[in-house]
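Okay, so here's the structure we're looking at.
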Amino acid sequence: MKARHLAPAALLLPFALLAACGGSSRAEGGGGTGSGTDGKGSLTLNVGDQKGGSEALLRAAGELDDLPYKIKWSTFTSGPPLLEAINAGAVDVGAVGNTPPVFAAAAKSKIKVIAGSHSRSDGETILVKKGSPLKRPAQLKGKSIAVAQGSSAHYQLVASLKKAGLTPKDVTLNYLQPADALAAFTRGKVAAWAVWDPYTSQALDQADARVLTTGQGVVNGLSFQVAAPAALDDKKKSAALKDYTDRLRRAQDWVFKHPDAWAGAWAKETGLPDEVALDAVKRTRGTAVAVAVDKAAIASEQRIVDAFAALKLIPRSYDFGKFVDPRFNGDLPPSGTAPRTYGKGH
């Protein structure tokens, strides 16, 4: 029996695992739970992560070997709760998409964007069922759409609606984390689902989904490492943060050259089927290139700020640049540098 014919409850298992907090029963609560420590030494860097994220990437690439400091990992469901932990001082650094920092900064959180990467946006999608009558985004008017509030998918949805001549007021938004969104989508409780990889790849394989539209040409494809100002102000932690971002850059280079090896490791970590993981790697995850958090990146993020402020989805507009620390840009290429690609079809 193929996975796509499984009952919704069976489909939820790997999705719930992806969204889980290190196996915690508080999977949709968002809080971080410890999932181990790497390295040695007197200094500990507290790193926020998402399932199958930075820890799995660094481990697969061998970049956690011979760490001269300790990394204590905490796992979160998505970017917004991870940034809450950074603001609270519980986490020193963590990886998020392009939109969570916009919401966190609007709430005057204590955060600094310190590193960036640029990926293809084919995995940022609005999904509908294969049998849905919807053929283009303009037909979403009056329909219900699941999306994680404050996530990269949230902006992708807003931008896609705008391109189609619509606003969020023209649709019904159901703010749901991925596992709950999948349940709603599978059971026909929503007409569409705005989401990102690997959920996109898994839904296409297992949830009878098809792509209505992607974020390609609509969103900036950026994701970020975000740090706590207190960690940046600490000389030893700042040095560890520099080393950590360097390791992530090398790991991403390794992923592009070894997509099958990374897909296998990622599948093992998350419970994704191997072919789904490889699809997500070639569609999005393997295409990332480390880039500088430069003026163009700030301007691109400022457009997201202004869009959400105009829609009153955040309380005010503000200068996104004040929440960026460029000290680790070094000789990294510009933020507009083209992502990598695995060729036609990906």
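We count residues from 1, following the sequence as given.
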To the closest 0.5 Å, what do you measure between NZ (Lys110) and CG (Asn87)?
4.5 Å
Show the nearest heavy-atom pair for residues Phe328 and Ser238, with the distance to one decimal.
CZ-O, 3.5 Å
In terms of side-chain geometry, is the basic nitrogen of Arg303 or Asp306 positioned less than 4.0 Å from the acidic oxygen of its partner?
no
Is atom CZ of Arg136 surrounded by more than 12 heavy atoms (other residues, nucleotides or ligands) closer than 6.0 Å?
no
Hey, mind stepping through Trp73 and Asp38 against side chain to side chain contact (heavy atoms under 4.5 Å, CB included) and telling me if it holds?
CA-CA 8 Å; Trp73 301 98; Asp38 285 282; 2.8 Å; yes
Is the shortest heavy-atom distance from the side chain of Trp196 to the side chain of Ser151 under 4.5 Å?
yes
Without swapping roles, check the side chain of Tyr199 against the backbone of Ala194 for a donor-acceptor pair under 3.5 Å.
no
Is a side-chain donor or acceptor of Gln302 paired with a backbone partner of Ala297 at a separation under 3.5 angstrom?
no
Nearest 0.5 angstrom please: Lys70 NZ to Leu45 CG, how far?
13.0 Å
On a heavy-atom basis, the closest approach of Gln50 and Ala95 is NE2-O, 3.5 Å
Supply the atom-to-atom distance Asn98 CG to Tyr155 OH, rounded to the nearest 0.5 angstrom.
8.0 Å
Donor-acceptor pair, side chain of Arg210 and main chain of Leu204, under 3.5 angstrom:
no
With a 3.5 Å distance limit and no angle check, can you tell me whether Arg285 reaches the backbone of Val255 through a side-chain donor-acceptor pair?
no
With no hydrogens and no angle check, is any side-chain donor or acceptor of Thr337 less than 3.5 Å from a backbone partner on Pro334?
yes
Between Gln139 (side chain) and Leu134 (backbone), is there a donor-acceptor pair under 3.5 Å?
no
For the side chain of Asn329 and the backbone of Val293, is there at least one donor-acceptor N/O pair under 3.5 Å apart?
yes
Between Gln202 and Pro273, is there a side-chain heavy-atom distance shorter than 4.5 Å?
yes
Hey, are Asp243 and Arg247 close enough for a salt bridge, meaning a charged N less than 4.0 Å from a carboxylate O?
yes
Considering residues, nucleotides and ligands other than Asp66, do more than 12 of their heavy atoms fall under 6.0 Å from its CG?
no
Do we see a donor-acceptor contact under 3.5 Å between the side chains of Ser119 and Thr284?
no
Strictly below 4.0 Å, N to O, side chains only: are Arg250 and Asp246 in salt-bridge contact?
no
Report the C-alpha separation of Ser117 and Gln252 in whole Å, then their side-chain angles, then the decisive distance to 0.1 Å, and conclude whether the side chain to side chain donor-acceptor pair (under 3.5 Å) test is met.
CA-CA 9 Å; Ser117 65; Gln252 192 63 53; over 6 Å; no
Check whether any side-chain heavy atom of Lys108 lies under 4.5 Å from a side-chain heavy atom of Arg316, and answer yes or no.
yes
Apply side chain to side chain contact (heavy atoms under 4.5 Å, CB included) to Asp180 and Asn174, showing your working.
CA-CA 10 Å; Asp180 288 338; Asn174 288 259; over 6 Å; no
Are any non-hydrogen side-chain atoms of Leu161 and Asp170 less than 4.5 angstrom apart?
no
Joint hydrophobic cluster, Tyr244 plus Leu67, side-chain heavy atoms closer than 4.5 Å:
yes
Check whether any side-chain N or O of Asp49 sits under 3.5 Å from a backbone N or O of Ser74 as a donor-acceptor pair, and report yes or no.
no
Any donor-acceptor N or O pair under 3.5 Å, side chains Asp279, Ser201:
no
Can you check whether Phe103 and Phe308 have ring centres sitting under 6.0 Å from each other?
yes
Does Lys237 reach the side chain of Leu43, with side-chain heavy atoms less than 4.5 Å apart?
yes
Indicate the atoms forming the closest heavy-atom contact of Ala191 with Val128, along with that distance.
O-CG1, 3.6 Å
Any carboxylate oxygen within less than 4.0 angstrom of a Lys/Arg side-chain nitrogen, looking at Lys282 and Asp122?
no
Measure the CD-CD distance between Glu124 and Gln216 for me, rounded to the nearest 0.5 Å.
10.0 Å
Trp262/His258 aromatic ring centres below 6.0 Å
no
Derivation of the side chain to side chain contact (heavy atoms under 4.5 Å, CB included) call for Leu157 and Leu173:
CA-CA 10 Å; Leu157 174 59; Leu173 297 184; 3.5 Å; yes
Taking the side chain as C-beta and beyond, is there a heavy-atom pair between Ile304 and Asn220 under 4.5 Å?
yes
For Asp294 and Ser335, which I'm curious about, is there any donor-acceptor pair between the side chains at under 3.5 Å?
yes
Non-hydrogen side-chain atoms of Phe320 and Pro101 separated by less than 4.5 Å:
yes
Ala207 versus Phe185, closest heavy-atom pair with distance
O-CE2, 3.8 Å
Are any of the side-chain heavy atoms of His154 and Val158 separated by less than 4.5 Å?
yes
Using every non-hydrogen atom in the two residues, find where Ser121 and Val219 come nearest and quote the distance to one decimal.
OG-CG2, 3.4 Å
Would you compute the distance between atom NZ of Lys129 and atom CH2 of Trp193 and round it to the nearest 0.5 angstrom?
11.0 Å
Same cluster or not: Leu332 versus Trp254, using hydrophobic residues (I, L, V, M, F, W, Y) connected whenever any side-chain heavy atoms lie under 4.5 Å apart?
no
Mind checking whether Ile298 and Val226 sit in one hydrophobic cluster, side chains of I, L, V, M, F, W, Y counted as touching below 4.5 Å?
yes
Decide yes or no on side chain to side chain donor-acceptor pair (under 3.5 Å) for Thr200 and Thr125, but give the supporting numbers first.
CA-CA 7 Å; Thr200 289; Thr125 60; 2.8 Å; yes
Would a distance-only check, ignoring hydrogens and angles, find a side-chain to backbone donor-acceptor pair under 3.5 Å from Ser160 to Gln156?
yes
Show the nearest heavy-atom pair for residues Ser152 and Thr99, with the distance to one decimal.
CA-OG1, 3.5 Å
Going through the checks in order, is the side chain to side chain contact (heavy atoms under 4.5 Å, CB included) test met by Ser54 and Leu248?
CA-CA 7 Å; Ser54 299; Leu248 283 170; 4.0 Å; yes
Grouping I, L, V, M, F, W and Y whenever their side-chain heavy atoms are under 4.5 Å apart, do Val218 and Leu140 come out in a common cluster?
yes
Gap between atom NZ of Lys268 and atom CG of Asp274 - 0.5 Å precision:
11.0 Å
